[in-house]
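Taking it in order: structure first as structure tokens, then the write-up.
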Amino acid sequence: MKIDNSIVDKVAGLSKLEYKGEEKEAIKKDMERILDFMDLLNEVDTEGVEPLKYVTEGMLELRKDVAHTDITKAQALENAPSKDSDYFKVPKVLSK
Amino acid sequence: MDKAVRDKYTVVIGLEIHAQLNTNSKAFSSDSNQYGSTPNSNVSPISLGHPGTLPRLNEKSIEFGIKLGIACNSDITEYNEFSRKNYFYADLPKGYQITQFDTPICTGGHVPIRLSNGETKNIGLTRIHIEEDSGKSIHDIDPFNSLVDLNRAGVPLLEIVTEPEIASEEEAYEYLSEVRKLVRYLDICDGNMEEGSMRCDANISVMLNGAKEFGEKVEVKNMNSIRNVKRAISFEINRQIELCEKNVEILSETRGFDAPNGSTIQMRGKEGVNDYRFFPEPDLLPYVVTEAKIETIKAEMPMLPNELLAVYTNKYGLSEYDALNIIEIKEIGTYYNQIVSLTSNYKGAANWIMGTIKSHLNKFGITIAEFSVTPQHIAEILLLIDTHKISNSSASKKLFPALLKSPEKTATQLAESLDLIQNSDSDDLAGVIDEIFTKFPGETGRIKGGEMKLIGFFMGQIMKASGGKADPKMTNKLLMQKIKS
């Protein structure tokens, strides 16, 4: 399948990524290779075969509604690249 | 807006409500679902979206969904799957929200609302589905960063979606009030729009009466009270009709409500519409709701507002106005139910709640949960009044304030210590009346001669002589007998 700029731009937008120049050409080729492989899979006749959504049998077991604390706030924030004593810090996401 | 102009148009509104479930733990992990905790303290590796973690569904999410479905006469879905709704946002740690896409826990059903003309209208539901909440981003504390609090991430939600059947801002107001009452009576959500535990988005369009196609739809968000939903819809209807009148095209867009100005402002246009790329959640197996489970939940359902209304008006003989007033707030309804489980003076109980009790709550700005006088006290007061032991006025003016101060005492104890017990012993009363006749021979002669306007004078004298403890009804009856004898 031919990947054009508009498809790259759309997927990049959804992924919050940016591609320019050579990078954009390279990702186009990668995406084409991925979709060509998908086409190969599409050659298999799957008429009447239910999609395999779950790889295990059985039904969902529910969890009892009991609250407990596994980690502290300090542990939760420990690996964050940017934080203060209470919050994760991220670049401003509201453009106003 | 000129009513004639507005009346040319048919308004079409659909509402989406997100109700945060008042479970102990989150939808897919065991961290606490406690509102108002310090930021990022109710978190776990699962709700933080750490790699390698797997969701485990809270049984209450399913149960609460079924409860609401039963209450709304919805069909309960037997085979439930979960899906991923993909989008990137800083307060969505996994990069996707787990939700029900193809198999909402409930489909169909309706919520009845009362219209201003007294009629009932059923607002149809499209679906109710289970999903998880996102965290919270705070944009106004730090000038250079957004701050993220993930306490809310993974809190269970029910999304309740109506058919586009709501025809005005008033109907939207009634519908939201009904849903809020319902979730509170079911005890599945505290329904607090100010704190965001119940949120509402409105889809609004207008079309000329008789038009075949709906107008372009505008979504309005950010309304933090039922009143503001009404204001926002009202503004939006007027805005759209004005555009139509000027032949200006209405854009399909998302607008936010600006409460201080009572207006809506553009948030994002259609070109920014997200592509959520739903797909089946591979980490959660399907869940099957058995008939037995539905029956168990049905058996545990509390009385719902409309059922209570029927009992209050048909069995207890209350007016619809009084009944609705008592049902309006669940805790007050519960308080009333507790009183009438102890007395059959249903109207008396209603009058006490709507009069003395409500004015006390209003005066001190407290809720019934903070109110020290118990339903047992009120039932006892009613018994004292009904057996003519105390008068209505001394009950509300003297006994009630005393109970507020000493709720550990019984009403009878306090009535006795305050010396409020009325004299309804007819021999005693007859003696008092005779004394008064002797004391005022002139007046006695006149009233016996037919000058009945003196009855007030005699009643007053008897009351005075008895220290206010004579039962007025009994006194009146005895007095009349003695005048005629």
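Atom set for the values below is all heavy atoms of this structure, side chains included, hydrogens, waters and symmetry mates excluded. Chain identifiers are assigned alphabetically (A, B, ...) following the order of the sequence lines, protein sequences preceding nucleic acid strands; residue numbering begins at 1 within each chain.
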Give, as side chain, backbone, both or neither, the part of [X] having an atom under 4.5 angstrom from any heavy atom of chain A.
| X | result |
| --- | --- |
| B:Phe279 | neither |
| B:Phe28 | backbone |
| B:Pro286 | both |
| B:Asp283 | neither |
| B:Ser61 | neither |
| B:Gln34 | neither |

Write down the atom of [X], the atom of [Y], and the distance for their closest heavy-atom approach.
| X | Y | value |
| --- | --- | --- |
| A:Leu14 | B:Phe88 | O-CD1, 3.2 Å |
| A:Met59 | B:Tyr79 | CE-CE1, 4.1 Å |
| A:Tyr87 | B:Val148 | CD2-O, 3.6 Å |
| B:Ser25 | A:Ala67 | CB-CA, 3.9 Å |
| A:Lys92 | B:Ser146 | CA-OG, 3.5 Å |
| A:Arg63 | B:Arg56 | NE-O, 3.1 Å |

**Request:** Check whether A:Gln75 gets within reach of chain B through its side chain, its backbone, both or neither, counting any heavy atom under 4.5 Å.
**Result:** neither

**Message:** Under 4.5 Å from any heavy atom of chain B, what part of A:Ser85 do you find: side chain, backbone, both or neither?
**Reply:** neither

**Message:** Quick one: does any side-chain atom of B:Asn24 pair with a main-chain N or O of A:Val66 as donor and acceptor, under 3.5 Å?
**Reply:**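 Looks like no, no N/O pair under 3.5 Å.
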
For atom [atom1] of [X], decide whether the heavy atoms of other residues, nucleotides or ligands shown that lie under 6.0 angstrom number more than 12.
| X | atom1 | result |
| --- | --- | --- |
| A:Glu22 | CD | no |
| B:Glu78 | CD | no |
| A:Lys29 | NZ | no |

**Request:** Supply the atom-to-atom distance B:Ser30 OG to A:Lys64 NZ, rounded to the nearest 0.5 angstrom.
**Result:** 12.5 Å

**Prompt:** To the nearest 0.5 Å, how far apart are CG in B:Leu285 and OG1 in A:Thr56?
**Reply:**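 So the CG of B:Leu285 and the OG1 of A:Thr56 are separated by 4.0 Å.
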
**Item:** Option that, when pairs with chain B are counted at under 4.5 Å, heavy atom only, ranks first among A:Asn79, A:Asp84, A:Ile71
**Value:**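 Counting heavy-atom pairs under 4.5 Å, the top option is A:Ile71.
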
**Prompt:** Looking at A:Leu62, A:Asp86, A:Asp65, which makes the most heavy-atom pairs under 4.5 Å with chain B?
**Reply:**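 Max contact count across the listed options: A:Asp65.
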
**Item:** Intermediate values then yes/no, side chain to side chain contact (heavy atoms under 4.5 Å, CB included), A:Lys83 and B:Asn40
**Value:** CA-CA 11 Å; A:Lys83 65 203 165 194; B:Asn40 293 305; over 6 Å; no

**Request:** Sort by residue number and list every member of residues 45-52 of chain B having a non-hydrogen atom under 4.5 Å from chain A.
**Result:**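 Those residues of residues 45-52 of chain B which have a heavy atom under 4.5 Å from chain A are B:Pro45, B:Leu48, B:His50.
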
**Request:** Could you check which of B:Arg277, B:Glu63, B:Lys60 has the highest count of heavy-atom pairs closer than 4.5 Å to chain A?
**Result:** B:Arg277

**Item:** Flag side-chain contact, heavy atom, 4.5 Å: A:Lys89 against B:Leu147
**Value:**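 The answer is yes, as the side chains (C-beta and beyond) meet within the 4.5 Å cut-off.
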
